[in-house]
Asks: 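One structure is given below, represented as structure tokens, and several questions about it will come after.
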Amino acid sequence: QIQLVESGGGLVQAGGSLRLSCAASGRTRSTYAVGWFRQAPGKEREFVAAISWSGGNTRYTDSVMGRFTISKDNAKNTVYLQMNSLKPEDTAVYYCAARPWGLSAGVDAYDYWGQGTQVTVSS
């Protein structure tokens with residue numbers, strides 16, 4: 001029903017910034033929330049941030065609080081993740097995901113996933 005494509009990943013030095021984009025297509029007129037997750041090699045996929053359909057509600061994991069900002073542009077069917085003060089431990093493949101209605105921090109709560117984009121933070 002919904003297709004998601006991430007972009008904006010790359011290599012950045014510690015302390016730098018990067019903005020990821022998640023473009024949605026398909027049945028985008030339906031109400032849904034979008035979350036960002038990340039996965040490092042050998043580790044489980046973990047929650048990063050999520051935003052409601054209206055953009056009025058957001059949630060962040062403690063490790064990125066104050067450094068990352070999630071935002072949404074419904075007219076463009078795009079969700080963004082602005083990442084500032086990046087640390088080497090932020091290195092991972094970042095995925096966006098969508099689910100109907102309200103936001104969630106649970107991996108299993110999301111129905112649609114993008115292919116991921118690599119973020120590498122050097123020290």
Side-chain angles (χ1 to χ4, degrees):
Q1 295 183 23
I2 299 175
Q3 295 78 48
L4 305 172
V5 179
E6 303 95 334
S7 62
L11 175 65
V12 65
Q13 294 185 103
S17 298
L18 206 60
R19 188 176 79 160
L20 305 183
S21 298
C22 175
S25 61
R27 201 168 181 266
T28 57
R29 290 190 176 184
S30 298
T31 300
Y32 62 91
V34 173
W36 283 97
F37 296 79
R38 64 187 181 187
Q39 186 168 26
K43 300 182 67 177
E44 294 186 9
R45 192 167 299 184
E46 67 171 341
F47 170 77
V48 177
I51 189 169
S52 63
W53 185 88
S54 68
N57 295 319
T58 59
R59 184 183 298 174
Y60 300 90
T61 191
D62 289 343
S63 63
V64 307
M65 188 75 70
R67 299 189 298 122
F68 291 9
T69 302
I70 188 170
S71 61
K72 193 167 186 279
D73 187 340
N74 282 358
K76 297 182 178 180
N77 294 316
T78 302
V79 172
Y80 305 96
L81 184 66
Q82 179 66 46
M83 305 184 293
N84 298 325
S85 301
L86 283 163
K87 305 174 181 179
E89 49 263 44
D90 294 319
T91 296
V93 176
Y94 283 70
Y95 300 87
C96 66
R99 69 182 303 273
W101 194 231
L103 56 79
S104 174
V107 172
D108 293 341
Y110 289 81
D111 303 309
Y112 309 101
W113 293 83
Q115 82 290 342
T117 184
Q118 177 70 49
V119 172
T120 302
V121 184
S122 64
S123 58

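Note: hydrogens, waters and symmetry copies are ignored here, and every other heavy atom, side chains too, is used. No experiment lies behind these values; they were computed from the predicted model shown.
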Asks: If I take atom CG from residue Leu86 and atom OG from residue Ser123, how far apart are they, to the nearest 0.5 angstrom?
Replies: 13.0 Å
Asks: Do you know which two heavy atoms are closest between Val48 and Phe68, and how far apart they sit?
Replies: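 Scanning both residues, the minimum pair turns out to be CG1-CD2, 3.7 Å.
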Asks: Just checking Trp113: does its CH2 atom have more than 12 heavy atoms from other residues, nucleotides or ligands closer to it than 6.0 angstrom?
Replies: yes
Asks: Measuring from atom CD1 of Ile70 to atom CD of Gln82, what distance do you get when rounded to the nearest 0.5 angstrom?
Replies: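 With rounding to 0.5 Å, CD1 (Ile70) is 12.0 Å from CD (Gln82).
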Asks: Excluding sequence neighbours, so at least two apart, what forms side-chain hydrogen bond (donor to acceptor under 3.5 Å, both in side chains) with Gln1?
Replies: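 In terms of side-chain hydrogen bond (donor to acceptor under 3.5 Å, both in side chains), with neighbours along the sequence ignored, Gln1 is linked to Tyr112.
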Asks: Go through the structure and list residues passing side-chain hydrogen bond (donor to acceptor under 3.5 Å, both in side chains) with Asn74, not counting sequence neighbours.
Replies: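 Applying side-chain hydrogen bond (donor to acceptor under 3.5 Å, both in side chains) to Asn74 gives Lys72.
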Asks: Could you report the tightest heavy-atom contact between Thr91 and Gln118, atom names first, then the distance?
Replies: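 Closest approach of Thr91 to Gln118, heavy atoms only: CG2-NE2, 4.1 Å.
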Asks: Would you check if Val119 and Met83 make a side-chain contact, meaning some heavy-atom pair closer than 4.5 Å?
Replies: yes
Asks: Tell me, please, which residues at least two apart from Ala105 pass side chain to side chain contact (heavy atoms under 4.5 Å, CB included).
Replies: Phe47, Arg59
Asks: Can you confirm if the NZ or CZ of Arg19 lies within 45° of the ring axis of Tyr80 and under 6.0 Å from the centre of its six-membered ring?
Replies: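 Checked: cation-pi criterion met.
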Asks: Please find the pair of heavy atoms, one from Tyr95 and one from Gly114, that lie closest to each other, and give the distance.
Replies: CD2-O, 3.6 Å
Asks: Write down the atom of Leu81, the atom of Ala49, and the distance for their closest heavy-atom approach.
Replies: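 That closest heavy-atom pairing would be CD1-CB, 4.2 Å.
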Asks: I'd like to know if Met65 and Phe37 are part of one continuous hydrophobic network [Ile/Leu/Val/Met/Phe/Trp/Tyr, side-chain heavy atoms within less than 4.5 Å].
Replies: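 In one cluster: no.
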Asks: Do you reckon Tyr32 sits in the same ILVMFWY cluster as Leu103, going by side-chain contacts under 4.5 Å, direct or chained?
Replies: no
Asks: Is there a donor-acceptor contact under 3.5 Å linking the side chains of Tyr94 and Arg38?
Replies: yes
Asks: Is it true that a side-chain atom of Gln115 and a backbone atom of Val5 form a donor plus acceptor pair closer than 3.5 Å?
Replies: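 No; judged by distance alone, with no hydrogens or angles, the pair does not exist.
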Asks: Ignoring hydrogens, what is the shortest heavy-atom contact between Ala24 and Ile2? Give both atom names and the distance.
Replies: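 Smallest heavy-atom distance, with atoms named: CB-CG2, 4.3 Å.
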Asks: Would you say that Glu6 contacts Trp36 through its side chain, given a criterion of any heavy-atom pair below 4.5 Å between the two side chains?
Replies: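 SC-SC contact between Glu6 and Trp36 confirmed.
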Asks: How long is the span from the CD atom in Gln3 to the CG atom in Asn77, to the nearest 0.5 Å?
Replies: 11.5 Å
Asks: Count I, L, V, M, F, W, Y as connected when their side-chain heavy atoms are under 4.5 Å apart, and connections chain through other members. Are Val64 and Val12 then in the same cluster?
Replies: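 As far as the 4.5 Å side-chain criterion goes, Val12 and Val64 are connected within one cluster.
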Asks: What is the distance from atom CG of Leu4 to atom OG1 of Thr78, rounded to the nearest 0.5 Å?
Replies: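 These two atoms lie 10.5 Å from each other.
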Asks: Do you know which two heavy atoms are closest between Val34 and Cys96, and how far apart they sit?
Replies: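 Looks like CG1-CB, 4.4 Å.
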Asks: Passes side chain to side chain contact (heavy atoms under 4.5 Å, CB included), Glu44 versus Val107? Steps please.
Replies: CA-CA 10 Å; Glu44 294 186 9; Val107 172; over 6 Å; no
Asks: Is the backbone N or O of Ser104 less than 3.5 Å from a side-chain atom of Tyr110, with the two atoms forming a donor-acceptor pair by type?
Replies: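 Yes; judged by distance alone, with no hydrogens or angles, the pair exists.
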